[in-house]
J.: 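Pasting a structure below so you can have a look.
Keep in mind that this is a model prediction, so the values were computed, not measured. Positions are given from 1, in the same order as the sequence printed here.
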Amino acid sequence: TGSMSFSEASAVDGDGILQVTRGDKLTGSYTDPADDYGNESTVTDVAYYDMTLVSDTLSTDATWALSSSPFLVTGDVTVPDGVTLTIEPGVEVRFMPGSDDQGTNNAYSSEFRIAGSLVAVGTESDSITFVSNADSPTEQDWSGIRSFDPHVIHLSYVSFRHAYNVFNGASIVVSGEANDSLRITHSTFRDISSYIFDTDIQIYSGSRCLIQDNRFDGFDRFFGSYGGVRLLDDGTLLKIDGNDFVDCENGLTWDQGIHIDELGPRVIFTNNQSNSNSRLQFHASGENPTEDQVIIRDNHLVGQYIYLGGSDGTQGRYLFKGNTLDQCYMTVSGTERALIQDNRIQNAGSEGIYLSSANAVIERDTLINNSSGGIRVYTDFSHSETIKDTIRYCVITGNGNSDNAAGIKIDEYGNAVIHNNNIYDNNNYDIRNNSPHYDLDARFNWWGETTTAEMDLGGNPKDITKIHDQFDDAT
């Protein structure tokens with residue numbers, strides 16, 4: 001037998017003491033000259049120096065202190081209702097891959113199970129780390145945070161890696177009770193196998209939830225559950241601001257998206273960037289809103305589409321302003337009012353904007369190089385007397401690559417006022433009026449040098465090459 005001395009101090013040459021720090025991996029090897037079969041063999045074992053092992057269910061409030069860091073999670077850590085787990089700045093929490101000595105949900109993967117509160121608030125200089133303990137980590141070394149209607153989730157200045165999901169479970173319900181909240185700020189989430197939120201989220205009774213100044217890097221979906229996010233009651237707020245979404249594989253929302261179920265709640269989605277698959281679906285309800293229910297401003301979004309939904313032209317009020325959409329189109333459907341202002345929408349594989357029985361004002365936008373056209377306006381018969389759209393002060397050029405495409409296309413009972421725009425050099429028609437029901441008011445626009453010269457030759461009204469109307473189709 002033999003022994004080795006350890007010291008958590010600076011190395012001293014020749015003192016025979018191994019200098020270590022908490023959490024260091026120690027590998028020991030011994031050469032046995034004759035094993036049970038008389039052969040020489042090498043025996044190797046691994047241990048971690050002075051880590052705090054954790055698993056099981058907390059019975060009272062607990063604090064994981066920096067002085068006890070790092071913590072090695074070997075099985076599910078359960079925080080029951082009425083109990084708070086607080087993690088101090090600078091703490092490192094490691095997860096043993098392929099291990100769950102509690103066997104609560106998945107015998108091969110540990111997780112946090114939160115019915116009470118999890119408060120992990122670091123600082124800019126002293127972040128909190130959640131990470132795999134593996135030498136070669138994967139994206140599924142632990143399961144993430146399983147929610148059971150938790151009371152408080154506060155994550156700030158956190159680095160979170162190597163989990164299957166960040167949040168999973170039945171639901172996160174934020175009910176507006178004192179200190180009841182979901183708050184995620186100044187944190188980094190990466191190497192995530194599946195979803196950031198694989199759980200329904202319900203926010204009501206005036207609660208305010210904040211997701212701000214984070215980086216989400218390499219994940220499948222952000223809000224990934226079928227039920228999505230639902231907001232109820234006056235004063236309820238979901239704010240998603242200043243985040244970087246990097247290498248999303250399938251969309252920021254999925255299935256039901258983000259729902260405002262009545263007048264009173266608001267969603268603010270501002271100053272975010274997404275470099276791929278930026279699918280966002282919003283639905284707003286409540287008859288005859290008088291203020292914006294969803295505000296989407298100053299974002300840069302790449303890929304897929306944005307959907308703004310209302311109902312019957314009397315529900316759903318939106319402000320969509322100052323955004324850049326690249327390879328990303330938008331659909332506005334059934335809204336009471338949508339102001340689409342000061343945006344740049346380019347390179348979409350569809351129409352840049354599709355209005356479907358929506359009361360919309362499209363103002364000071366630039367639509368360029370969208371393959372199926374710049375703007376399509378469609379209204380069905382049942383809304384033909386109540387829906388009217390306005391397109392003004394826009395630049396619409398280079399759109400459409402088929403005979404049926406145009407800078408602006410009007411279908412069925414679509415009825416738009418189109419004034420004071422620059423509509424020119426679209427690849428087939430600048431305007432295509434397919435509607436037999438209304439005369440189109442398209443005065444005071446600039447049509448480019450070629451079309452303007454054609455108009456200036458006189459003899460108007462007449463067949464203008466870049467405008468599809470009754471001269472092209474008498475119906």
J.: Apply ring-ring contact (aromatic ring centres under 6.0 Å, His included) to the pair Trp446 and Tyr424, showing each step before the final yes or no.
T.: CA-CA 7 Å; Trp446 187 72; Tyr424 66 97; 5.4 Å; yes
J.: Would you please indicate if the ring centroids of His283 and Tyr307 are separated by under 6.0 Å?
T.: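 For His283 and Tyr307, the ring centres are under 6.0 Å apart.
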J.: Taking the six-membered ring for Trp, are Phe95 and Phe71 ring centroids under 6.0 Å apart?
T.: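 Centroid distance Phe95-Phe71: not below 6.0 Å, so no.
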J.: Would you please classify the geometry between the Tyr413 ring and the His437 ring as parallel, tilted or perpendicular, with 30° and 60° separating the classes?
T.: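 Ring orientation of His437 relative to Tyr413: parallel.
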J.: Between the main-chain N or O of Asp247 and the side-chain N or O of Asn275, is there a donor-acceptor pair closer than 3.5 Å?
T.: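 Yes; at least one donor-acceptor contact below 3.5 Å.
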J.: Between Asp241 and Lys239 (salt bridge meaning N to carboxylate O under 4.0 Å), is one present in this structure?
T.: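 Salt bridge absent between Asp241 and Lys239.
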J.: Quick check on side chain to side chain donor-acceptor pair (under 3.5 Å): which of Asn243, Thr270, Asn272 does Asn299 satisfy it with?
T.: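 Checked Asn243, Thr270, Asn272 against Asn299; only one passes side chain to side chain donor-acceptor pair (under 3.5 Å): Asn272.
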J.: With a 6.0 Å cut-off on ring centres, are Tyr164 and Trp142 close enough?
T.: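 So the answer is no for these two rings.
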J.: Would Asp292 and Arg266 pass as an ion pair if we require N to O under 4.0 Å?
T.: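 Salt bridge flag = no for Arg266 with Asp292.
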J.: Knowing that exactly one of Phe167, Phe160, Phe219 qualifies, which makes a ring pair (Phe, Tyr, Trp, His ring centres under 6.0 Å) with Phe189?
T.: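 Only match with Phe189 under ring pair (Phe, Tyr, Trp, His ring centres under 6.0 Å): Phe160.
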J.: Parallel, tilted or perpendicular: which one describes the rings of Phe216 and Phe245, with boundaries at 30° and 60°?
T.: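 Parallel, since the angle between the ring planes stays under 30°.
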J.: List the steps, then state whether ring-ring contact (aromatic ring centres under 6.0 Å, His included) holds for Phe197 with Phe222.
T.: CA-CA 6 Å; Phe197 289 94; Phe222 191 76; 5.5 Å; yes
